[in-house]
Amino acid sequence: MSAHTPHAQAHGQRATKAVIPAAGLATRFLPATKAVPKELLPVVDRPVLQYIVEEASRSGINDVLLITGRGKTSMVDHFDRQPYLEARLEAKGDLERLAAVRGTSELAEIYTCRQGEPLGLGHAVSYAESHVGDAPFAVLLGDEFTEESQPLLPQMIDLQSRTGGIVLAFIEIPEDQVNRYGIASVSDAGPEYADVENVVRVTGLVEKPAREEAPSNLAVVGRYVLPGTIFDAIRRTKPGSGGEIQLTDAMALLLAEGTPVHGIVYRGHRYDTGMPLGYLQAVVQLASERDDLGPAFTEWLKSFVAGLDGNAGKAA
């Protein structure tokens, strides 16, 4: 065992804080994100970031640290009170929208820390050390969220409190996409975790491997529950893929030094708003599921798609 070998957190200690890295430049969405943070782009009538904070809140986390960058103070404003707006809504008797506006400020305590330059996910997470201390915590990436009816984070927090190590979220991806993700090699979690659905033991991690070098098709996605020992590992992690300090590399270091690492393969729907296509898909799907918008919107959508098919037929 290495002199640096970290001891896992005491079993039973639960993550009660979440860190949301949100300092990226979002170049895929320019020019829209020149002045508006990508995390505040609306998915129907709620910004992406609100879906993520709501996910944390439903998981019992009411302390959220945003790792921000220049020009992103509006993310904090979204979760602040707006007395003038609230007073106007109350005077109009618009109690439904009043409750929606007030509700954003009641989801969690929001804290911020500014990352001077985005140098990788590991670098961003390192900024949380003074806020988190040595306790376990969740990391939620700022451009994806899970469907409310099939939560993932509570199961991850429960599992991490049992193992004291690292718990990751996985999805199964096509083999031709492995070079876009951190990929895991895994084994059976063992009989002691037979009561946890879709859990695996992680035996290795590699960041963005070539297709022929990928150990599996299990990709690490944007939910992590980490022990406080991750901060020391990040300090000892050298720049990797893209010249950045990768969180995957820091976790691989802890794994090599004996920290238990497990993953849960998520079978629900993951909304990935990090690219324009995924963002549009999230808007359409969630709008279609709304009681107030869904029926009319889906009827219009059917007509619109039928019109596209008809025009294509004419062109042929």
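Since we're looking at a predicted model, the values are computed, not measured.
Distance alone, capped at 3.5 Å, places no donor-acceptor pair between the Ser57 side chain and the Asn62 backbone. A donor-acceptor pair under 3.5 Å is formed between the side chain of Glu147 and the backbone N or O of His269. Looking only at distances, no side-chain donor or acceptor of Ser105 sits under 3.5 Å from a matching main-chain atom of Val101. Under a 3.5 Å cut-off, the side chain of Ser288 and the backbone N or O of Val284 do form a donor-acceptor pair. Proximity of a side-chain donor or acceptor of Thr298 to a complementary backbone N or O of Gly294 within less than 3.5 Å is detected. Panel note: side chain Thr104, backbone Phe79; no donor-acceptor pair is recorded below 3.5 Å.
For the atom pair CD1 (Ile61) and CZ (Phe137), the distance works out to 11.0 Å, reported to the nearest 0.5 Å. Distance check, rounded to the nearest 0.5 Å: CD1 of Ile264 to CG of Asn198 gives 8.0 Å. Of the inter-residue distances, the one linking Leu141 atom CG with Leu121 atom CG reads 5.5 Å to the nearest 0.5 angstrom. Atom OH in Tyr193 sits 9.5 Å away from atom CG in Asp195 (nearest 0.5 Å). To the nearest 0.5 Å, the span separating CG on Leu255 from OG1 on Thr203 amounts to 7.5 Å. Here Leu85 contributes atom CG and Arg102 contributes atom CZ; the two are 10.0 Å apart, rounded to the nearest 0.5 Å.
Both Val220 and Val19 are part of a single hydrophobic cluster, where members link through side-chain heavy atoms under 4.5 Å apart. Leu301 and Leu308 fall within the same hydrophobic cluster, defined by Ile, Leu, Val, Met, Phe, Trp and Tyr side-chain heavy atoms under 4.5 Å apart, directly or through other members. Note on Leu119: it does not cluster hydrophobically with Val139, by side-chain heavy-atom contacts below 4.5 Å among ILVMFWY residues. In the hydrophobic cluster analysis, where Ile, Leu, Val, Met, Phe, Trp and Tyr join through side-chain heavy atoms closer than 4.5 angstrom, Leu25 is grouped apart from Leu30. Tracing side-chain contacts under 4.5 Å through hydrophobic residues (I, L, V, M, F, W, Y), one reaches Tyr271 starting from Val48; they form part of the same cluster.
Scanning all heavy atoms of the two residues, the minimum distance from Thr273 to Ala282 falls at CG2-CB, 4.1 Å. The two residues Phe170 and Val186 have their closest heavy-atom pair at CE1-CG1, 4.2 Å. When all heavy atoms of Phe29 and Met275 are compared, the closest pair comes out as CZ-C, 3.5 Å. In terms of heavy-atom proximity, Ala138 sits nearest to Leu153 at CB-CD1, 4.2 Å. Counting all heavy atoms, side chain and backbone alike, Leu140 lies closest to Ala56 at CD2-CB, 4.2 Å. Between Ser59 and Ile157, the shortest heavy-atom distance links the atoms O-CD1, 4.0 Å.
Using a cut-off of 4.0 Å between Lys/Arg side-chain N and Asp/Glu carboxylate O, Glu86 and Arg97 are scored as not salt-bridged. The pair Glu109-Lys17 fails the salt-bridge criterion, with no side-chain N (NZ, NE, NH1 or NH2) lying under 4.0 Å from an Asp/Glu carboxylate O. Classification of Arg236 and Asp232 as a salt-bridged pair holds, one side-chain N sitting under 4.0 Å from a carboxylate O. Taking the charged nitrogens against the carboxylate oxygens, Arg14 and Asp158 do have a contact shorter than 4.0 Å, which makes a salt bridge. The pair Arg70-Glu117 does not meet the salt-bridge criterion, since no charged nitrogen lies less than 4.0 angstrom from a carboxylate oxygen.
You'll find the side chain of Asp249 stays beyond 4.5 Å of the side chain of Ile234, heavy atoms only. Between Thr146 and Tyr266 the shortest side-chain heavy-atom distance falls below 4.5 Å. You'll find the side chain of Thr73 reaches within 4.5 Å of the side chain of Arg114, heavy atoms only. At least one side-chain heavy atom of Leu247 sits under 4.5 Å from a side-chain heavy atom of Ile230. Looking at heavy atoms from C-beta onward, Cys113 lies in side-chain contact with Leu65 at the 4.5 angstrom threshold. Residues Pro227 and Ile166 are in side-chain contact: their nearest non-hydrogen atoms beyond the backbone lie under 4.5 Å apart. Contact check for Tyr279 versus Pro42: side-chain heavy atoms found under the 4.5 Å cut-off. Counting heavy atoms from C-beta on, the side chains of Val206 and Pro215 come closer than 4.5 Å.
Atom CD of Gln285 is surrounded by more than 12 heavy atoms from other residues, nucleotides or ligands within 6.0 Å. Enclosure of atom CD in Glu192 by more than 12 non-hydrogen atoms of other residues, nucleotides or ligands within 6.0 angstrom is indicated. Counted within 6.0 Å of CD on Gln177, heavy atoms from surrounding residues, nucleotides or ligands total more than 12; the atom is thus considered enclosed.
Sorted by first and then second residue, the pairs that involve residues 216-228 and meet side-chain hydrogen bond (donor to acceptor under 3.5 Å, both in side chains), not counting sequence neighbours, are Glu55-Arg223. The side-chain hydrogen bond (donor to acceptor under 3.5 Å, both in side chains) analysis of residues 33-51, with sequence neighbours excluded, yields the pairs Lys38-Asp143, Glu39-Lys72, Asp45-Arg290, Arg46-Glu54, Gln50-Glu54, Gln50-His78. Sorted by first then second residue, the ring pair (Phe, Tyr, Trp, His ring centres under 6.0 Å) pairs that include residues 83-118, not counting sequence neighbours, are Tyr111-His131.
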(request) Could you walk me through whether Arg211 and Asp176 pass side-chain contact (heavy atoms from CB on, under 4.5 Å), step by step? (result) CA-CA 6 Å; Arg211 180 174 181 172; Asp176 61 358; 3.8 Å; yes
(request) Test side-chain hydrogen bond (donor to acceptor under 3.5 Å, both in side chains) on Thr248 and Gln246 and set out the steps. (result) CA-CA 5 Å; Thr248 301; Gln246 299 292 348; 5.5 Å; no
(message) Pair Met251, Leu226 - check side-chain contact (heavy atoms from CB on, under 4.5 Å), show working.
(response) CA-CA 9 Å; Met251 294 189 298; Leu226 304 171; 3.8 Å; yes
(request) Any chance you could lay out the side-chain contact (heavy atoms from CB on, under 4.5 Å) test for Arg201 and Val261, step after step, and finish with the verdict? (result) CA-CA 6 Å; Arg201 179 179 293 277; Val261 182; over 6 Å; no
(message) Applying side-chain contact (heavy atoms from CB on, under 4.5 Å) to Lys208 and Arg180, what does each step give before you reach the verdict?
(response) CA-CA 5 Å; Lys208 300 177 181 177; Arg180 294 169 42 193; 5.9 Å; no
(request) Dump the intermediate steps for salt bridge (charged side-chain N to carboxylate O under 4.0 Å, His left out) on Arg267 and Glu172, then the final yes or no. (result) CA-CA 9 Å; Arg267 306 296 186 187; Glu172 295 178 313; 2.9 Å; yes
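Ring-plane geometry between Tyr127 and His123 is classed as perpendicular, the angle between the planes exceeding 60 degrees on a 0 to 90 degree scale with a lower cut at 30.
Side chains of His262 and Gln160: no donor on one and acceptor on the other come within 3.5 Å.
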